[in-house]
Peer 1: 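Dropping a structure here in structure tokens format, bear with me for questions.
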Amino acid sequence: MITVIAFIVTLGILITIHEYGHFQVARWCGVKVLRFSLGFGTPLLTRHIGKDNTEFVLAAFPLGGYVKMLDEREAPVAEHELHRAFNRQSVWKRMLIVLAGPVANLLLAILLYWVLFMHGVMGIKPLLGDVPAQTPAAIAQMQSGELITDIAGEPVASWQDVRWILMRQALSNAPVSVEGRLNDVSLHHNLKLSVLDKDDFEGDFLPKLGLVPYRPSMPPIVGEVIAGGAAQKSGLQPGDNIRVIDGLAITAWDQVVDTIRQHPQKPLSVTIVRDGQSVDLQVIPDSVRENGKEIGRIGAAYKANQNELDKIMTTVSYSPGVAAGKAVTKTWETSIFSLQMLGGMLTGDVSWRGMSGPVTIASYAGQSAQIGWKAFLGFLALVSISLGVLNLLPIPVLDGGHLLYYIVEVFKGSPVSERVMEIGQRIGLALLGLLMACAFYNDINRLITG
């Protein structure tokens, strides 16, 4: 239910903002708006508002929306309203109206990032754990316990920053400079990214580089038990000290997690210490899919104390002015990166499996909503940027396609012919259908493989 509600809220906000951009700029340009529709198909709710009696519609099929303007190409226009018809406007006004939708999505992203940067974004400090041998990080002589402070001239405050910067840098496939600090000593490294291939960006590529986050020592003490999970059914309780699982002596929580993951749907004998007494239990881990593999999960978690959290967690916040600048920069960088990834898909440098459709969007909407409002706002900003960038692509039927026609008109001195526009519409629908088919295929594939 949370996923469904979060998905509906996400679509509602993004589509409303996008169409409102077209609507408001059209009004500023003197164009009469006949209908503002959220969704397609059968109208579920209709209201007529304003001096122009604009029809506001909530339709049955929610994946989109449109703004219908007065236009001689669609229906006869009364003589006294010809000056308010879209087709009678200058090419520059038409370009502004078309641009307004994608720009509104980008402005929404800036606003959301501004709120997040002011309020403070929590992240995990980029402290290195054990560096696996023969990985790029080991070859670059990066060390366990080192705090990464700068990558390619950009300061980093969390592992999220590290991942984002390295993902952008990896597109060039060149070594990247990394600055770190260990025991108050500054360190410099040249990290090679050539080991990464196009499929690595579908998941977490940092371990392949040898960049493993530091994890504090966690004793095998149960901190939380999820209601209805295998742990609760077996009798495990918060505070239980796990000593043995199937004959294996347990000294750290990582061992508990690893052992449980390796035994989905297999009974495990577990010895715990509770109130000074040894207790034997049997746990049958639930089976779940992760990255196409069956793993075990029991619904129990370790609960870190505040001192442990303070060592590895950080909250970064900024003043309103600085936050605004960073919000603009974040939106710009994300937009450019989206275009680079699309370009990489066309050239074969980036896998098409990274493309997502409505099923994946719905899943992430639900997950981010359950994590908290900050995660949901960050997700909303990212999807808003994607929607804005996608609509600016020069594909007929999208805003970018109409913009392309108007640019041609500027140089040609007259509108593009109806025949050319008709052919363009067909090509655009075919391309859009191909993109949607690819996105749906990836969605279904993720559902099957986990």
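None of the values given here were measured: they were computed from a predicted structure.
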Peer 1: State, yes or no, whether a side-chain contact exists between Tyr302 and Val222 at a heavy-atom distance under 4.5 Å.
Peer 2: no
Peer 1: Kindly indicate whether the side chain of Asp399, heavy atoms from C-beta on, has any atom under 4.5 Å from the side chain of Leu403.
Peer 2: no
Peer 1: For the side chain of Asn87 and the backbone of Glu72, is there at least one donor-acceptor N/O pair under 3.5 Å apart?
Peer 2: yes
Peer 1: Provide the closest heavy-atom pair for Ser335 versus Ile385 in the form atom of the first, atom of the second, distance.
Peer 2: OG-CG2, 3.5 Å
Peer 1: Would you say Ser414 and Lys412 are linked by a side-chain donor-acceptor pair, where the criterion is simply a distance under 3.5 Å?
Peer 2: yes
Peer 1: Checking Glu74 now: which residues fulfil salt bridge (charged side-chain N to carboxylate O under 4.0 Å, His left out) with it, not counting sequence neighbours?
Peer 2: none
Peer 1: Donor-acceptor pair, Ser338 side chain versus Ser386 backbone, under 3.5 Å?
Peer 2: no
Peer 1: Quick check: does any side chain N or O of His22 sit under 3.5 Å from a backbone N or O of Ile97, one acting as donor and the other as acceptor?
Peer 2: yes
Peer 1: What is the minimum heavy-atom distance between Thr54 and Val33, and which atoms define it?
Peer 2: OG1-O, 2.9 Å
Peer 1: Distance from Phe205 atom CZ to Leu193 atom CG, nearest 0.5 Å?
Peer 2: 8.0 Å
Peer 1: Got a sec, which pairs hit side chain to side chain donor-acceptor pair (under 3.5 Å) with one end in residues 314-326, sequence neighbours left out?
Peer 2: none
Peer 1: So, Thr16 side chain and Ile13 main chain: donor-acceptor pair closer than 3.5 Å or not?
Peer 2: no
Peer 1: For residues 174-184, which residue pairs qualify under side chain to side chain donor-acceptor pair (under 3.5 Å), counting only residues two or more places apart or in two chains?
Peer 2: Glu179-His188
Peer 1: Hey, could you give me the CG/CD1 distance between Leu106 and Ile17, rounded to the nearest 0.5 Å?
Peer 2: 12.0 Å
Peer 1: Can you list everything that forms a salt bridge (charged side-chain N to carboxylate O under 4.0 Å, His left out) with Lys208? Sequence neighbours excluded, please.
Peer 2: Asp197, Asp200
Peer 1: Test Leu108 against Leu14 for side chain to side chain contact (heavy atoms under 4.5 Å, CB included), laying out the working first.
Peer 2: CA-CA 9 Å; Leu108 173 63; Leu14 298 184; 3.8 Å; yes
Peer 1: I'd like to check the ring pair (Phe, Tyr, Trp, His ring centres under 6.0 Å) partners of Trp164; sequence neighbours left out, ordered by chain and number.
Peer 2: Phe337
Peer 1: Out of Glu19, Arg35, His18, which one pairs with Tyr66 under the side chain to side chain donor-acceptor pair (under 3.5 Å) rule?
Peer 2: Arg35
Peer 1: Measuring from Thr135:OG1 to Lys192:NZ, what's the distance to the nearest 0.5 Å?
Peer 2: 13.0 Å
Peer 1: Test of understanding: with ring pair (Phe, Tyr, Trp, His ring centres under 6.0 Å), list the residues that count as partners of Trp373, not counting sequence neighbours.
Peer 2: His119
Peer 1: Please check: side-chain N/O of His48 versus main-chain N/O of Glu55, any donor-acceptor pairing under 3.5 Å?
Peer 2: no
Peer 1: For the CG atom of Leu339 and the CG atom of Leu392, what is their distance to the nearest 0.5 Å?
Peer 2: 8.5 Å
Peer 1: Check ring pair (Phe, Tyr, Trp, His ring centres under 6.0 Å) between Phe36 and all other residues, then give those that pass, not counting sequence neighbours.
Peer 2: Phe23, Phe56
Peer 1: Kindly state each residue pair satisfying salt bridge (charged side-chain N to carboxylate O under 4.0 Å, His left out) with at least one member in residues 145-154, sequence neighbours excluded.
Peer 2: Glu154-Arg168
Peer 1: Answer yes or no: is there a donor N or O on one side and an acceptor on the other, between the side chain of Gln89 and the main chain of Phe86, under 3.5 Å?
Peer 2: no
Peer 1: State, to 0.1 Å, how close Gly210 and Val131 come at their nearest heavy-atom pair, and which atoms those are.
Peer 2: O-CG1, 3.9 Å
Peer 1: Does Arg94 have any salt bridge (charged side-chain N to carboxylate O under 4.0 Å, His left out) partners at least two apart in sequence or in another chain, and if so, which?
Peer 2: Glu409
Peer 1: Applying side chain to side chain donor-acceptor pair (under 3.5 Å), which residue pairs with at least one partner in residues 419-432 are found, sequence neighbours left out?
Peer 2: Glu422-Arg426
Peer 1: Which pair of heavy atoms, one from Pro43 and one from Thr46, lies closest together, and at what distance?
Peer 2: CB-OG1, 3.8 Å
Peer 1: For Trp114 versus Ala327, what's the shortest heavy-atom pair and its separation?
Peer 2: N-CB, 3.5 Å
Peer 1: Are more than 12 heavy atoms, taken from residues, nucleotides or ligands other than Met436, located less than 6.0 Å from that residue's CE atom?
Peer 2: no
Peer 1: Sequence neighbours left out, what passes side chain to side chain donor-acceptor pair (under 3.5 Å) with Asp52? Give chain and number order.
Peer 2: Arg84
Peer 1: Could you tell me which non-hydrogen atom of Ile221 sits nearest to which non-hydrogen atom of Trp253, and how far apart they are?
Peer 2: O-CZ3, 3.8 Å
Peer 1: Under the rule for side chain to side chain contact (heavy atoms under 4.5 Å, CB included), what residues qualify as partners of His83, not counting sequence neighbours?
Peer 2: none
